[in-house]
Number of protein chains: 2
Amino acid sequence: MLKLDARDLKILSILQTEGRISKSELAKRVNLSNTPCWERLQRLEAAGIVRGYGARIALEALAEHVTIFVTAELENHRSGDFSRFEDAVSGEPEIVACWALGGGLDYLFQVVTRSVGTYQLLIDRLLTGDTGLKRYFTYIVTKEVKNGGVPLEIFKSL
Amino acid sequence: MLKLDARDLKILSILQTEGRISKSELAKRVNLSNTPCWERLQRLEAAGIVRGYGARIALEALAEHVTIFVTAELENHRSGDFSRFEDAVSGEPEIVACWALGGGLDYLFQVVTRSVGTYQLLIDRLLTGDTGLKRYFTYIVTKEVKNGGVPLEIFKSL
DNA sequence: GATGAAACTGCTCCAAG
DNA sequence: CTTGGAGCAGTTTCATC
């Protein structure tokens with residue numbers, strides 16, 4: 001694990017919100033000259049800490065859609081059961097995120113789709129496909145309250 | 001709502017994964033010359049469809065941390081109760097995302113923090129602060145299975 | 001929509017302190 | 001780490017078709 005100083009963290013937190021900032025502007029913002037700042041960024045990218053860049057897209061300005069969270073419980077807990085379900089999840093673009101959970105529930109996943117109807121089609125695919133899904137619970141999102149980035153501030157003291 | 005053709009969607013989906021692509025390279029990828037592609041992007045940004053750009057940061061390569069999902073139920077459902085809770089959520093950087101839900105539960109939120117201990121401190125802050133939080137349930141994430149972007153493919157036929 | 005070009009800014013690398 | 005700069009690539013805005 002690469003050790004990072006406060007400047008590296010500042011570079012990361014600037015890039016997190018301003019991914020298309022120019023490298024010379026970035027250097028100014030962290031009080032470094034061009035060259036060493038560029039070298040730091042190279043290191044961060046090479047180490048895989050910066051995994052890439054992306055546009056933040058306002059889906060709500062683009063098309064009608066619904067966001068739904070689903071908790072899932074599997075039929076069985078043998079080693080193959082988990083990877084079978086996870087493969088099914090990977091193959092569904094409407095499942096935008098999925099996490100394995102400790103405790104009674106096995107998975108939580110987030111669906112973004114056109115409507116409740118297309119969500120039901122997705123669930124039907126999961127139930128009739130050989131995914132091992134036993135029980136699920138649907139939570140429809142009525143409002144996105146917050147969606148920020150990872151709080152790098154918390155790790156400042158490393 | 002701005003109407004977008006297939007090229008606009010392609011621009012968006014390229015930018016979603018390659019946020020730092022050069023504008024001339026982007027133009028090539030969508031089979032347009034420099035100028036009209038640049039104009040489309042200007043429109044998309046001006047319309048707020050592209051809300052910004054950000055680096056994808058691999059937190060796991062950076063520091064030990066835990067991800068936890070929490071479902072929350074509020075004491076009361078008067079108009080002020082929701083905004084009071086949402087304000088508290090906004091003020092906590094460790095709460096990286098929060099959604100209001102239909103049905104019995106009021107909110108789902110995602111916490112990224114250093115440890116289970118710091119998570120408990122967060123919960124204590126929410127409980128002792130005047131947030132109206134009545135009942136909550138903790139789901140510790142043991143594995144991130146998938147974390148992709150919004151599936152623009154789904155909206156191709158618009 | 002396409003093309004070409006002008007003026008500018010930024011990028012990458014290198015040298016020297 | 002700094003400054004300075006060379007050579008090249010990318011950006012933005014033109015005018016023209």
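The chains referred to below are lettered A, B, ... by the order of the sequence lines, with proteins before strands, and numbering in each begins at 1. This structure is a prediction, so every number in the text was calculated from the model and none was measured. Below, all heavy atoms of this structure are taken into account, side chains as well, without hydrogens, waters or symmetry copies.
A:Leu105 belongs to a hydrophobic cluster whose other members, connected by ILVMFWY side-chain contacts under 4.5 Å either directly or through intermediates, are A:Phe69, A:Trp99, A:Leu101, A:Leu108, A:Phe137, A:Tyr139, A:Val141, B:Phe69, B:Trp99, B:Leu101, B:Leu105, B:Leu108, B:Phe137, B:Tyr139, B:Val141. Summarising the hydrophobic clusters (Ile, Leu, Val, Met, Phe, Trp, Tyr; side-chain heavy atoms under 4.5 Å, direct or chained), the residues clustered with B:Tyr107 are A:Val145, B:Val66, B:Ile68, B:Val70, B:Leu74, B:Phe82, B:Phe85, B:Val89, B:Ile95, B:Phe109, B:Val111, B:Val116, B:Tyr119, B:Leu122, B:Ile123, B:Leu126, B:Leu127, B:Leu133, B:Tyr136, B:Ile140.
End-to-end axis angle of the helix from C:dG1-D:dC17 to C:dG17-D:dC1, using five pairs per end and rounding to 10°, comes to 10°.
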(request) Mind running side-chain contact (heavy atoms from CB on, under 4.5 Å) on A:Val30 and A:Arg40 for me, showing each step along the way? (result) CA-CA 11 Å; A:Val30 296; A:Arg40 278 166 185 266; over 6 Å; no
(message) Between B:Leu15 and B:Leu44, does the side-chain contact (heavy atoms from CB on, under 4.5 Å) criterion hold? Intermediate values first, please.
(response) CA-CA 11 Å; B:Leu15 287 174; B:Leu44 292 170; 5.9 Å; no
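Without hydrogens or angle criteria, A:Arg20 side chain to A:Tyr53 main chain gives no donor-acceptor distance under 3.5 Å.
Applying the salt bridge (charged side-chain N to carboxylate O under 4.0 Å, His left out) criterion to B:Arg43, with sequence neighbours excluded, gives no partner residue. For the side-chain contact (heavy atoms from CB on, under 4.5 Å) test, residues two or more places apart in sequence or in another chain that qualify with B:Thr118 are B:Glu94, B:Thr113, B:Arg114, B:Ser115. With sequence neighbours excluded, the residues satisfying side-chain contact (heavy atoms from CB on, under 4.5 Å) with B:Glu75 are B:Lys134. For B:Lys23, there are no salt bridge (charged side-chain N to carboxylate O under 4.0 Å, His left out) partners at least two apart in sequence or on another chain. Applying the salt bridge (charged side-chain N to carboxylate O under 4.0 Å, His left out) test to A:Arg84 and every residue at least two apart in sequence or in another chain returns A:Asp81, A:Asp130.
On the nucleic acid side, DNA chain D has its first and last nucleotide under 4.0 Å of a heavy atom of chain A at D:dC1 to D:dT11, going 5' to 3'. First and last contacting nucleotides of DNA chain C toward chain A (any atom under 4.0 angstrom from a heavy atom, 5' to 3' order): C:dG10 to C:dC14.
Interface residues of residues 34-51 of chain B facing DNA chain C, ordered by number: B:Thr35, B:Pro36, B:Arg40; criterion, heavy-atom separation under 4.0 Å. Taking a 4.0 Å limit (strictly below) on heavy-atom distances, residues 19-27 of chain B reaches DNA chain D at B:Ser22, B:Lys23, B:Ser24.
A:Leu41 contributes atom CG, which lies 11.0 Å from atom CD1 of A:Ile49 (distance to the nearest 0.5 angstrom). Here the CD-OG1 distance, from A:Gln110 to A:Thr67, works out to 6.0 Å after rounding to the nearest 0.5 Å. Interatomic distance, NZ of B:Lys3 versus CG of B:Asp8, reported as 11.0 Å (0.5 Å rounding).
Salt-bridge formation is detected for the pair A:Arg51/B:Glu60: a Lys NZ or Arg NE/NH1/NH2 atom is positioned less than 4.0 Å from an Asp or Glu carboxylate oxygen.
Residues A:Cys37 and A:Ala27 share a closest heavy-atom pair of SG-CA, 3.6 Å.
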